[in-house]
Amino acid sequence: MRYASKMLKDSSCGELRAAHAGSTVRLAGWVHRRRDHGGLVFIDLRDAGGIVQLVFSPDELAPAVMEQAHRLRPEWVVAVEGAVRERSPETVNPNMDTGEVEVFPATCDVLNTSPTPPFFINEPSEVDEHLRLRYRYLDLRRPDVAEMIRLRHRVVRYIRDFLSERDFLEVETPTLIKSTPEGARDFLVPSRLQPGHFFALPQSPQILKELLMVAGFERYFQIARCYRDEDFRANRVAEHSQLDLEMSFVDEEDVMKLVEELYTGIAREFGKGEILRAPFPRLDYYDAMERYGIDRPDLRFGLEFVDISEAVRGTEFKVFAGALESGGQVKAIRVPGQAEMGRRDLDELTEIAKQGGAKGLAWIGVMANELRSPIAKFLSDGEVDAIKSATGAETGDLLLVVADAPSVVAASLHHVRDELGDRLGLKDPSVLSFAWVTGFPLLEWRPEENRWDASHNPFSSYRPEDEPLLETDPGSVLARQYDLTLNGSEIGGGSVRINTREAQEKVLGLMGYTREQMDERFGVLLEALEYGAPPMAGVGAGIERLLMGLTGTDNIRDVIAFPKTSAGSDPLMGAPTPVDPAQLAELGLDLTPKTRAALESAAESQ
RNA sequence: GGCCCCGUGGUGUAGAGGCCUAACACGCCACCCUGUCAAGGUGGAGAUCGGCGGUUCGAAUCCGCUCGGGGUCGCCA
């Protein structure tokens, strides 16, 4: 680390090594830990660069300085000047990067003090997440927490360098844009200059980046903040950053090749794990749904689904027969060696299956001479043999079976498979399993709204050979869409875009938009497509989810410096808050009586 | 909006109707201590158990509501 000459420090704590022995350094940082022996005082001094041990010795120091040393407490800010000395062999600490040396301060200035922090900064410990967020500035002092934020910087810098070297132009797009009531709920920002009118925060810069392609930049990227006013999950927050990227005169292969090269590079440079397969495997959407019940399967382990509908067709067992009669299916997961799984575990797996909509989870333990299963008595020998041969089940294996409509079977068995991956320790944290998923349908039917909707985004193009199907069978049209997944998480997605007004209007028309609605919501894009819009394709890829994969955390807040809670509040700054009525008046806004009453009763109960 | 889980000194936990005048570890404070690095030793302070209401002779413990947090379904083009 380099420091300006006037600074209180000329070295970083973490950089000192045996080679520095004999030199005099000025250090400044936080008291990480103290070990006061009454005579000798050891202080671990921490700064952004690491930790080094200071030794205050009464043999060498004036009593006033020793007194100062005894007073030091954790998280006090101090500046010292002293000699770096090599430690004697028996006192070397191999657990510290700087363990070969120690610094003997001649002076010690207390720059600031600190109360006892609300949680341990100097040792890793589980702390209530709300408390951590409330004191995030202290939480971020913890070296392991800080490391996530440092890694984030390095990854983003890698992305910027990689793309800049390949002639991509970084362009910032507005954060106050037009609201389009499509997809996720918008965050709205009222306009003071035009009361009653609202901006929206962008869910992604999708339309703007297409306009940049029409503008002729050919290669654009941005680390773009995206906002969606929806409920959160372990890997979903209100505002997230995405690598937004768009290219002209390319097709899906060009974009996938570029992204794959970028992500391979990032994984090799920063990932804790090995890339499972490179080049990244490609899965067909329908195939993935058949085998894993999800369009982003975790490929670190097998446990694929087997369709045993034919094996049990005509069965007496009412649950299976009923599902098949109503057009459903019966699918199984074969779990090797788990035939004797405990009843409690099986019950818990059943509950998990129910979360996916299944009414239950049938289980069959294949024992040497019999079946261990509550449904064994309903199955004929022939059916059992057929199930065994379809699944390849051998003695000692467990079969978990769901019978229902295909969408329910997929969702339920996916949950079961995912849980098995956790419980059986099949999700190797040292493996990064990237995969592309392609072959998505362009449209999906929304029965409750009686219309087609874009399965990804309304600007995705479709396979040219499917064009006639738009008229006859829109549901079977395949999109030129590609998703990137990592260890069971969708970390990016993109498509070849529609680049003619005619095609865009046709697709929007299928989605139920009238000409007026199209013009009102997408008029600018439609117009721009008329003016020589080039062929274009791109991706949006979540930065947080990538970092989660690289670090192995399952909490998205770990990779965000100042995250919000899952309820969308900010315990640090205390946002959101009510605002002064005068502010609302200026914006032409008023609260509903119901909202106002709720605010008042909340204020009273304070 | 539905469902599940959590909320006890500064932190992390124990506690399952009376044994709780709330325990343990770490931290904190004081004293002792010259080579530790999770320093050690001795002593001490510190929580009415998220909040409100109820059941009960009696509630940290049971019930209801509520607040906050975590997860999940819906939602997230």
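So you know, we letter chains A, B, ... as the sequences are listed, proteins then strands, and number each from 1.
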* Given that P58(A) and M96(A) both sit by RNA chain B, which one's nearest nucleotide is further toward the 5' end? ->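 Result of the comparison: P58(A).
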* 5' priority, RNA chain B, between Q203(A) and G38(A) [closest heavy atom] ->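 Result: G38(A).
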* Asked: Can you find an N or O donor on one side and an acceptor on the other, under 3.5 Å apart, linking the side chain of R34(A) with the base of C37(B)?
  ->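 It does not, because no donor-acceptor pair links the side chain of R34(A) to the base of C37(B) below 3.5 Å.
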Does [X] reach a base, just sugar-phosphate, or nothing at all? Heavy atoms under 4.0 Å.
X: R87(A); answer: base
X: L131(A); answer: sugar-phosphate
X: P118(A); answer: sugar-phosphate
X: R132(A); answer: nothing
X: H130(A); answer: sugar-phosphate

* **Closest contact, heavy atoms only, M548(A) versus N235(A)** =>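 Here M548(A) and N235(A) meet closest at CE-CB, 3.9 Å.
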With a 4.0 Å cutoff (strictly under), does any side-chain N or O of [X] reach OP1 or OP2 of [N]?
X: R557(A); N: G71(B); result: yes
X: R35(A); N: U36(B); result: no
X: S566(A); N: G71(B); result: yes
X: R33(A); N: U36(B); result: no
X: R73(A); N: C29(B); result: yes
X: T565(A); N: G69(B); result: yes

* Taking 4.0 angstrom as the limit, do R296(A) and D483(A) come out as a salt bridge? ->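 Here R296(A) does not pair with D483(A) in a salt bridge, since their nearest N and O are not under 4.0 Å apart.
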* To do: Check the pair E419(A), L349(A) against side-chain contact (heavy atoms from CB on, under 4.5 Å), reporting the backbone distance first and the verdict last.
  => CA-CA 8 Å; E419(A) 182 70 18; L349(A) 286 175; 3.8 Å; yes
* Assess whether atom CH2 of W30(A) is packed by more than 12 heavy atoms of other residues, nucleotides or ligands within 6.0 Å. =>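 At most 12 heavy atoms, drawn from other residues, nucleotides or ligands, come within 6.0 Å of this atom.
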* Per-pair stack call F119(A) and U11(B), 5.5 Å, 30° ->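 No, aromatic ring not over the base.
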* To do: Enter the distance from D295(A):CG to M289(A):CE here, rounded to the nearest 0.5 Å.
  =>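 CE of M289(A) is found 6.5 Å from CG of D295(A).
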* Provide the distance between the two C1' atoms, one in A30(B) and one in C57(B), to the nearest whole Å. =>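 Here A30(B) and C57(B) have their C1' atoms 45 Å from each other.
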